Participant: 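One structure is given below, represented as structure tokens, and several questions about it will come after.
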Amino acid sequence: MIKYSMAAAIMLTLPVVAEDFTIERLEGSPSINGANVQGLKMAPDGKRVTFLRGKAGNAAQLDLWEFDIESGESVMLVDSASLLDGGVEVLSEEEKARRERNRAITGKTGIVSYFWSADSSMLLFPISGDVYVLPLGGEVKRLTNTPAFETDIKFSPGGSYVSFVRDRELFAVNVDSGAETKLTTGSSETVANGMAEFVAQEELGRFTGYWWSPDETRVAFEQFDESGVVVKDRYEVQPDGGVVTLKQRYPEAGSPNAVVKLGIVEVADQSVDWVDLGDNDDIYLARVNWTPDSETVVVQRLNREQTQLDILMAGLNGDSETLVSETSDIWINLDNNMRFLEDGSMIRTSERSGYRHIVRHDMQTGAATALTSGDWVVAEIKKIDEDAGMVYFTGFKDTPIEQHLYGVPLAGGTVTRISQERGWHSVTVGSDVYIDNFSNPQQPPQVTIKSLADGSLKSTVLANALDDNHPYFPYRDSTPKQEFGTINAADGTPLYYRLYTPLNMEEGKRYPAILAPYGGPHGQRVRNQWQVNFNDILARNGYVVMVLDNRGMWNRGLEFEGHVKNAMGTVEVEDQVAGAEYLKTLPYVDGSNIGTWGWSYGGYMTLMSLFKEPDVFKAGVSVSPVTDWRLYDTAYTERYLGHPDAPGDVYANTSVFKYVDGFKGDLLLIHGMADDNVFFDHTVKLLSVLQNQGKRFELMTYPGKKHGIRGEKTRTHLWNQALDFFNRTLK
């Protein structure tokens with residue numbers, strides 16, 4: 001067992017009266033995390049840093065700001081309220097759904113995305129469904145003013161055009177002349193051009209459906225036809241008591257997906273050539289890129305089982321051939337790391353070794369040379385500097401719970417760590433500097449400009465110092481103690497945890513404990529970063545809280561992830577039980593009063609833990625849980641469990657319903673009644689089974705709320721319900 005202390009409180013130089021940190025304050029404004037920024041970008045000329053910042057009284061409404069690297073000053077470029085009718089943003093249902101898919105902008109309003117022109121002279125952004133540009137030093141100009149909504153806004157690579165999707169078709173506007181061209185035709189209720197289909201957005205991490213050629217003469221675009229996708233009646237119970245019945249095309253596991261095609265449209269005359277994606281149309285269009293000479297479209301095609309990724313090279317006439325094929329007995333993880341070099345070679349990341357590492361491909365033969373290796377994971381390629389012969393990337397070479405910036409020679413060789421402070425670094429890399437968005441348990445998120453050569457500080461964009469001006473300052477003295485460590489799984493695999501304990505525990509007293517897992521694939525919760533959340537509230541109210549990343553989760557390599565292949569709800573629960581057993585060995589933990597809570601996959605984990613291990617977990621709060629994987633979507637579910645019609649009882653064994661008989665504790669079920677990700681059907685089905693078996697439980701539903709159950713007042717109510725439940729069942 002490894003354990004090291006990471007105390008969250010810092011000694012104060014001035015006396016201060018600590019205030020009670022309440023749920024109301026957790027969810028209130030200004031943000032308890034202090035001033036924070038999103039959407040950090042560096043202008044192509046490297047002179048400016050731009051970012052989105054929430055308003056002081058409404059952190060969810062974002063404005064556009066810039067930081068001048070030379071002067072060190074930050075100024076607001078665009079006040080989003082000035083462009084909104086009455087200060088309120090109106091969104092189409094399609095845009096609401098797109099934001100729900102894209103977790104980075106879920107629940108945000110105002111300016112949620114923006115783009116630099118290639119010459120660093122203009123900024124582009126959408127707001128309330130229309131398109132705006134801001135020439136630096138000039139006034140905001142509105143490019144579109146239509147009843148329809150323009151989405152997925154982009155500059156073309158050279159900045160000659162602004163493109164967007166309107167009414168399921170792709171358009172381009174000439175920036176100089178203002179002339180608008182409709183690039184695609186043929187959309188309908190079930191056919192869309194230039195858009196990403198539901199599962200691409202929700203499960204494949206692809207939110208766009210079109211890609212400009214570098215010379216701006218052509219655009220590759222997706223066309224999807226969802227006429228074969230199952231239409232589900234989804235009932236949204238609204239706050240006024242009304243019920244809205246929506247027909248949503250939702251591809252449940254085992255059912256048909258949307259059929260996708262890839263076209264190449266000429267900007268000049270709108271003629272289209274279709275790319276040969278192969279004879280099988282039951283595939284996923286994973287990623288699309290262009291080679292620098294604008295002569296070849298590079299397509300990543302993923303089979304339905306997600307065990308084979310083919311990299312296709314397609315000419316302008318649509319003819320294609322396979323350059324590289326990769327297969328996995330577990331599954332293929334997608335990324336956005338493909339880059340092309342001047343010598344014609346290709347850089348990307350691959351998990352052939354079992355860990356994601358950087359490889360360099362010969363574009364003629366597909367032969368690969370590894371640039372990094374080892375039992376650790378590369379996260380993202382951030383920049384390739386061909387003049388310096390370096391690749392800069394983020395990854396987890398030092399520890400899985402800290403993300404750092406590294407460099408490696410293009411020829412391969414020694415990996416050098418550039419970021420210095422222990423913690424979590426999210427970076428944007430420029431020519432000789434990088435933007436470092438950094439935090440750890442002692443430092444709320446701060447943004448600095450640092451040297452790419454050695455990580456030394458150049459300037460500070462956002463200090464976010466934890467001083468007497470910081471929103472969290474009055475609560476520092478009462479911060480729960482925190483520590484990170486590891487325990488071993490049954491097979492000896494080390495599992496990382498973050499442990500919260502009440503600040504002033506009484507000698508000899510035993511405290512109830514709560515585990516707070518996510519537990520599912522592609523999730524990681526144990527990070528050496530600043531986090532103030534419901535777990536803090538629990539610890540402040542006398543609970544010991546453990547966040548444990550079990551086998552099956554993220555950033556530990558394919559073997560670690562693959563434990564849940566065809567076996568969800570098995571090793572994850574076993575590992576959480578191991579966490580509970582460890583807690584029982586601590587002299588200050590009451591082992592007879594251990595609970596658990598989780599959201600989404602974590603809600604599923606709560607149910608499986610209560611049902612399968614009722615003698616370990618006495619009470620649980622399950623928020624927006626999956627209960628039957630047959631009801632969840634194709635791309636996610638089949639990646640981990642295969643097709644529902646495959647031989648065996650995989651889906652029955654991974655459903656919570658097989659284990660309901662074992663339930664004997666206390667359960668609070670929570671679900672949004674307009675959830676379009678994990679449909680309310682999941683909870684309704686469980687309600688019926690629990691009632692028919694005479695199992696007692698508690699229920700809280702939120703009218704009009706989707707999967708995230710967002711809103712200050714709503715979240716405040718939810719957390720108060722959960723805290724009250726644990727106080728009644730574990731104390």
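Worth saying up front: this structure is predicted, and the values here are computed from it rather than measured.
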Participant: Quick check: does any side chain N or O of R498 sit under 3.5 Å from a backbone N or O of R527, one acting as donor and the other as acceptor?
Facilitator: yes
Participant: Between T683 and F680, is there a donor-acceptor pair closer than 3.5 Å when you use the side chain of the first and the backbone of the second?
Facilitator: no
Participant: Ring centres under 6.0 Å, that's the criterion: do F726 and W597 meet it?
Facilitator: no
Participant: Is the closest basic N to carboxylate O distance between D20 and R540 below 4.0 Å?
Facilitator: no
Participant: With a 4.5 Å heavy-atom cut-off, do N33 and N464 have their side chains touching?
Facilitator: no
Participant: Can you find a heavy atom in the side chain of I487 that is under 4.5 Å from one in the side chain of L548?
Facilitator: yes
Participant: Would you name the heavy atoms of G704 and A674 that are closest together and state the gap between them?
Facilitator: C-CB, 3.7 Å
Participant: So do Q442 and L466 actually touch side chain to side chain, heavy atoms under 4.5 Å?
Facilitator: no
Participant: For Y406, does the six-membered ring have the charged nitrogen or CZ of K382 within the cation-pi criterion, i.e. under 6.0 angstrom from the centroid and within 45° of the normal?
Facilitator: no
Participant: Would you check, one step at a time, whether the test side-chain contact (heavy atoms from CB on, under 4.5 Å) holds for Y500 with V547?
Facilitator: CA-CA 8 Å; Y500 301 76; V547 182; 4.1 Å; yes
Participant: Is atom NZ of K458 surrounded by more than 12 heavy atoms (other residues, nucleotides or ligands) closer than 6.0 Å?
Facilitator: no
Participant: If we only count heavy atoms from C-beta on, is the I435 to V461 side-chain gap below 4.5 Å?
Facilitator: no
Participant: How many angstroms lie between atom OG of S622 and atom CE of M605, to the nearest 0.5 angstrom?
Facilitator: 11.0 Å
Participant: So among W424, W554, W376, Y355, which one has a ring-ring contact (aromatic ring centres under 6.0 Å, His included) with F396?
Facilitator: W424
Participant: I'd like to know whether W599 forms a side-chain contact (heavy atoms from CB on, under 4.5 Å) with L718, so could you lay out the CA-CA distance, the side-chain angles of the two residues, the decisive distance to 0.1 Å, and finally the verdict.
Facilitator: CA-CA 12 Å; W599 199 305; L718 188 155; 3.8 Å; yes
Participant: Examine the side chains of Y434 and S419 and answer whether a donor and an acceptor come within less than 3.5 Å of each other.
Facilitator: no
Participant: Are side-chain heavy atoms of P517 and E572 found at a separation under 4.5 Å?
Facilitator: no
Participant: Kindly say whether E506 contributes a backbone atom to a donor-acceptor pair with the side chain of Y511 at under 3.5 angstrom?
Facilitator: yes
Participant: May I ask you to test the Y475-I32 pair for a side-chain heavy-atom distance under 4.5 Å?
Facilitator: yes
Participant: Give, for atom CG of L62 and atom CZ of F125, the distance between the pair rounded to the nearest 0.5 Å.
Facilitator: 12.5 Å
Participant: How are the rings of H717 and Y702 set to each other: parallel, tilted or perpendicular (split at 30° and 60°)?
Facilitator: perpendicular
Participant: Say whether, by atom type as modelled, one donor and one acceptor occur between the side chain of N550 and the main chain of G519 under 3.5 angstrom.
Facilitator: yes
Participant: Identify the two heavy atoms, one from K55 and one from A81, that lie closest to each other, and give their separation to 0.1 Å.
Facilitator: CE-CB, 4.0 Å
Participant: Before you tell me yes or no, could you show the steps for S80 and Q61 under side chain to side chain donor-acceptor pair (under 3.5 Å), namely the whole-Å CA-CA distance, both residues' side-chain angles and the distance that decides it to 0.1 Å?
Facilitator: CA-CA 8 Å; S80 61; Q61 184 169 343; 3.1 Å; yes
Participant: Output side-chain donor-acceptor pairs under 3.5 Å for residues 46-53, partner residues at least two apart or in another chain, one line each.
Facilitator:
residue: R48; atom: NE; partner: E66; partner atom: OE1; Å: 2.8
residue: T50; atom: OG1; partner: Y114; partner atom: OH; Å: 2.9
residue: T50; atom: OG1; partner: W116; partner atom: NE1; Å: 3.0

Participant: Over all heavy atoms of both residues, which pair between Y497 and E483 is shortest? Give the atoms and the distance, please.
Facilitator: OH-OE2, 3.8 Å
Participant: E24: what forms a side-chain hydrogen bond (donor to acceptor under 3.5 Å, both in side chains) with it, not counting sequence neighbours?
Facilitator: N720
Participant: Is D491 salt-bridged to R551, cutoff N-O under 4.0 Å?
Facilitator: yes
Participant: Hey, does T394 have a side-chain heavy atom less than 4.5 Å from the side chain of H425?
Facilitator: no
Participant: To the nearest 0.5 Å, tell me how far L668 CG sits from F725 CZ.
Facilitator: 5.5 Å
Participant: Taking H682 for the side chain and T627 for the main chain, is one N or O donor matched with an acceptor at less than 3.5 Å?
Facilitator: yes
Participant: Distance check, rounded to the nearest 0.5 Å: D575 atom CG versus D549 atom CG?
Facilitator: 10.5 Å
Participant: Using atom types as modelled and distance alone, determine if a side-chain donor or acceptor of R417 lies under 3.5 Å from a backbone N or O of Q420.
Facilitator: yes
Participant: Any sub-3.5 Å donor-acceptor pair from E402's side-chain atoms to E421's backbone N or O?
Facilitator: no
Participant: Given the rule in the side-chain contact (heavy atoms from CB on, under 4.5 Å) test, do I594 and K618 qualify, once you have shown the distances and angles that lead to the verdict?
Facilitator: CA-CA 6 Å; I594 295 181; K618 182 179 178 182; over 6 Å; no
Participant: Can you name the nearest heavy-atom pair linking P521 to V564, along with the distance?
Facilitator: CG-CG2, 4.0 Å
Participant: Look at atom CZ of R728 and say whether more than 12 heavy atoms of other residues, nucleotides or ligands are closer to it than 6.0 Å.
Facilitator: yes
Participant: Strictly by modelled atom types, are H707 and S600 linked by a side-chain donor-acceptor pair under 3.5 Å?
Facilitator: yes
Participant: Closer than 3.5 angstrom, by distance alone: can the side chain of N541 be matched with the main-chain N or O of L538 as a donor-acceptor pair?
Facilitator: no
Participant: Take N727 and Y543 through the side chain to side chain donor-acceptor pair (under 3.5 Å) test and state the conclusion after the steps.
Facilitator: CA-CA 10 Å; N727 286 343; Y543 296 93; 2.7 Å; yes
Participant: Distance from N488 atom CG to L495 atom CG, nearest 0.5 Å?
Facilitator: 7.0 Å
Participant: Is any side-chain heavy atom of N677 less than 4.5 Å from a side-chain heavy atom of E202?
Facilitator: yes
Participant: As an exercise, state the distance from OG1 of T606 to OH of Y601, rounded to the nearest 0.5 Å.
Facilitator: 12.0 Å
Participant: Do side-chain atoms of R715 reach the backbone of R710 as a donor and acceptor pair under 3.5 angstrom?
Facilitator: no
Participant: Considering non-hydrogen atoms only, spot the tightest contact between L607 and L669 and give its length.
Facilitator: CD2-CD2, 4.3 Å
Participant: With no hydrogens and no angle check, is any side-chain donor or acceptor of N528 less than 3.5 Å from a backbone partner on N440?
Facilitator: no
Participant: Yes or no on side-chain contact (heavy atoms from CB on, under 4.5 Å) for V678 and Y604, after CA distance, side-chain angles and deciding distance?
Facilitator: CA-CA 11 Å; V678 179; Y604 167 73; over 6 Å; no
Participant: What are the two closest non-hydrogen atoms of A35 and L462, and how far apart are they?
Facilitator: O-CD2, 3.1 Å
